[in-house]
Protein chains: 2
Amino acid sequence: MSRPHRRATVHDIAAAAGVSRGTVSRVLNGGYVSAEARAAIEAAITEVGYVPNNAARALKMRRSQAVAFVALEPHSLFLDDPNIGSIMLGANAALSLADHQMVSLVVESARDTERVARYLSGGFVDGAIVVSARTRDPIIKVISELALPAAFVGHPPDLDQSIPFVGIDNAGSAQAITARLLAGGRRRIGMIAAALDRDSGIDRLAGFKAALGTAYDAELVADVPHYDYGSGVKGMRALLAAEPAIDGVFAASDAIAAGALEALREAGRSVPGDVGVVGFDDSTWAVRCQPQLSTVHQPAKQLGSCAAQLVLRQLRGEVLEPGGQLLPTPIVWRESA
Amino acid sequence: MSRPHRRATVHDIAAAAGVSRGTVSRVLNGGYVSAEARAAIEAAITEVGYVPNNAARALKMRRSQAVAFVALEPHSLFLDDPNIGSIMLGANAALSLADHQMVSLVVESARDTERVARYLSGGFVDGAIVVSARTRDPIIKVISELALPAAFVGHPPDLDQSIPFVGIDNAGSAQAITARLLAGGRRRIGMIAAALDRDSGIDRLAGFKAALGTAYDAELVADVPHYDYGSGVKGMRALLAAEPAIDGVFAASDAIAAGALEALREAGRSVPGDVGVVGFDDSTWAVRCQPQLSTVHQPAKQLGSCAAQLVLRQLRGEVLEPGGQLLPTPIVWRESA
DNA sequence: TTGTATGCGTTATCAG
DNA sequence: CTGATAACGCATACAA
């Protein structure tokens with residue numbers, strides 16, 4: 001009965017309605033068309049089961065109405081950083097409002113890198129939002145060379161300063177939360193610093209130093225590779241060994257703080273009684289800990305929507321001045337300190 | 001100096017190399033071409049900075065080499081289910097091996113639904129992997145009507161039984177872990193059942209009932225809406241109130257189990273001493289808890305790669321027999337029971 | 001208001 | 001081995 005081996009096209013609907021393709025296109029996209037023609041065409045559309053071909057439209061219009069969301073190092077992102085989901089949702093919401101499709105791409109391997117680069121440059125997307133831990137990546141070079149409208153979330157890309165970004169003030173936030181730990185009367189405050197090969201890690205440590213000033217003691221910072229729970233356990237043990245009298249800890253992430261709590265527990269220290277602990281991210285870790293963590297809130301959803309706006313504005317033709325914007329990071333005070 | 005206002009095309013490179021477009025296409029896609037022509041063309045390619053246009057290629061080839069990963073209800077997925085990231089990564093790895101680009105789409109609102117439906121039907125993707133909590137969704141109808149090669153992860157779609165799926169045996173797994181709780185000598189075993197509007201929730205409860213047999217007591221199941229931590233706390237409190245002598249609990253998810261642990265702690269019960277607790281998912285929750293959770297392992301990565309294979313096989317022209325496959329779910333035994 | 005013709009960038013067919 | 005030429009499905013300037 002029905003064997004739609006070939007999808008119905010504008011041509012088919014024109015034939016079915018007894019008009020020309022031009023007229024059909026006009027009712028599809030808006031334009032002058034008589035009421036009777038419109039009626040006939042609309043009937044024909046449902047009759048033949050027309051579904052527009054995006055590839056053809058994109059080819060013609062040089063616009064796909066799609067924006068890529070590129071997650072570099074998704075492994076560390078999805079595992080270490082519980083905020084990635086919220087950033088995606090925030091970006092999607094903003095793009096959705098502007099009737100753009102967000103397509104999120106994952107690059108894990110060299111193979112992925114190459115394929116994604118091709119994908120980005122091929123006209124399937126009009127722009128890209130890049131979220132990454134590291135800021136040097138071949139993908140960024142590709143975007144830069146293609147002059148693809150893009151935005152960075154996290155920190156400024158160091159390959160092309162003209163790509164706008166949105167992020168948070170890691171150093172300032174770290175300094176602020178450490179200061180309040182200090183104001184709480186803690187005297188021997190340490191830090192579990194992580195990911196010192198990334199801007200975020202470096203900046204959080206810098207903020208910590210700044211808050212402590214002359215009281216800063218390099219012996220009291222444990223250096224761990226990742227933002228994860230396991231690193232937190234190890235880092236806290238190291239701190240405890242270095243300074244048994246430690247009474248305050250700034251963990252570079254909530255996951256690390258959770259690990260620190262565990263190490264503290266096994267060492268028989270009470271929190272926040274014996275030692276105060278603060279984290280960073282305000283992720284799900286913060287509330288699932290016992291006690292719940294005082295931490296720096298990351299406005300993940302807004303980060304995503306801001307990045308989306310940055311791309312959308314470029315698509316509208318605006319030329320953005322280089323640089324980026326930092327979103328506020330309120331400190332949320334819970335029981336751990 | 002260079003103002004590539006218009007991207008270089010096959011036409012340009014043909015002109016630069018002094019050959020025809022056909023010959024260029026031949027070196028691009030493989031075919032007979034003389035060594036000298038090939039050399040000239042390859043030189044021209046880098047000279048003009050050619051980058052292929054996917055939209056045009058997709059239009060011509062009727063293939064985009066892209067497969068959608070559609071997350072329905074991403075909110076509950078990203079928040080409740082820590083496995084979603086792993087499923088994505090698994091699917092991406094499999095697609096990557098077959099040189100297909102995975103593009104993941106998020107549908108949160110009615111607006112999203114409509115836009116994603118258009119996107120899927122427009123030729124930007126060759127197939128789709130759908131992961132969803134609920135199985136009735138307009139998107140599935142669209143896929144079904146378009147006969148888009150697809151696969152479902154989670155449970156069978158009830159709108160179109162011809163769409164293959166990959167999932168786990170929720171009922172069987174629940175029964176198995178409950179049985180071992182029982183074998184451990186627990187006498188008054190309860191369950192915190194969640195999401196009873198979804199297959200997964202219903203099946204886990206069914207498995208629990210089956211394991212208990214005549215010992216099943218409806219008073220000992222707490223019914224909570226979501227798979228999250230907060231629900232676990234409330235559910236456990238309810239159970240404690242209903243049966244103070246409870247000595248075993250099967251939580252419908254690890255997050256719920258974590259919440260239950262918290263409620264147990266506040267009630268002064270020891271785990272696993274006074275009461276044994278088991279969860280479901282083997283997510284990050286499981287190892288962060290104190291004590292760590294005994295739970296049912298979900299092979300998230302394999303779920304993703306299997307779904308990808310299911311789609312890829314259809315793209316190769318295979319006709320899959322209706323139905324699906326269930327992946328094994330080993331029980332991992334830790335300290336909580 | 002409507003029809004016709006043209007081109008978007010590719011690949012494929014088919015003579016040369 | 002290579003060069004014209006014709007689609008793919010759509011939108012649009014232009015003519016009617």
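Within every chain, numbering begins at 1; the chains are lettered A, B, ... in the order of the sequence lines, protein sequences first and strands thereafter. Heavy-atom basis, side chains included; hydrogens, waters and symmetry copies ignored.
Taking atom CE of A:Met61 as the reference point, atom C1' of C:dG7 lies 13 Å away to the nearest angstrom. One atom, NE2 of B:His11, and another, P of D:dG3, lie 13 Å apart when rounded to the nearest Å. The nearest whole Å value for the distance from the CZ atom in B:Arg7 to the C1' atom in C:dC8 is 14 Å.
The side chain of A:Leu59 approaches C:dC8 more closely than any other nucleotide in the set C:dT2, C:dC8, D:dA11. Ranking D:dC1, C:dG9, C:dT1 by closeness to the B:Tyr32 side chain, first place goes to D:dC1. Nearest to the side-chain atoms of B:Ala37 among the listed nucleotides D:dT2, C:dA5, C:dG3 stands D:dT2.
Remark: B:Thr9 is not in phosphate contact with C:dC8, judged by side-chain N or O atoms under 4.0 Å from OP1 or OP2. Between C:dT2 and A:Thr23, no contact under 4.0 Å exists linking OP1 or OP2 to a side-chain N or O.
B:Asp12 has no carboxylate O lying under 4.0 Å from a charged side-chain N of B:Arg7, or vice versa, which leaves the two without a salt bridge.
Within a 6.0 Å radius of CZ in B:Arg136, other residues, nucleotides and ligands contribute 12 heavy atoms or fewer.
When side chains are defined from C-beta on, A:Pro156 counts as touching A:Phe165, because their heavy atoms get closer than 4.5 Å.
On the C1' atoms, D:dT12 is 16 Å away from D:dA16, given to the nearest whole Å.
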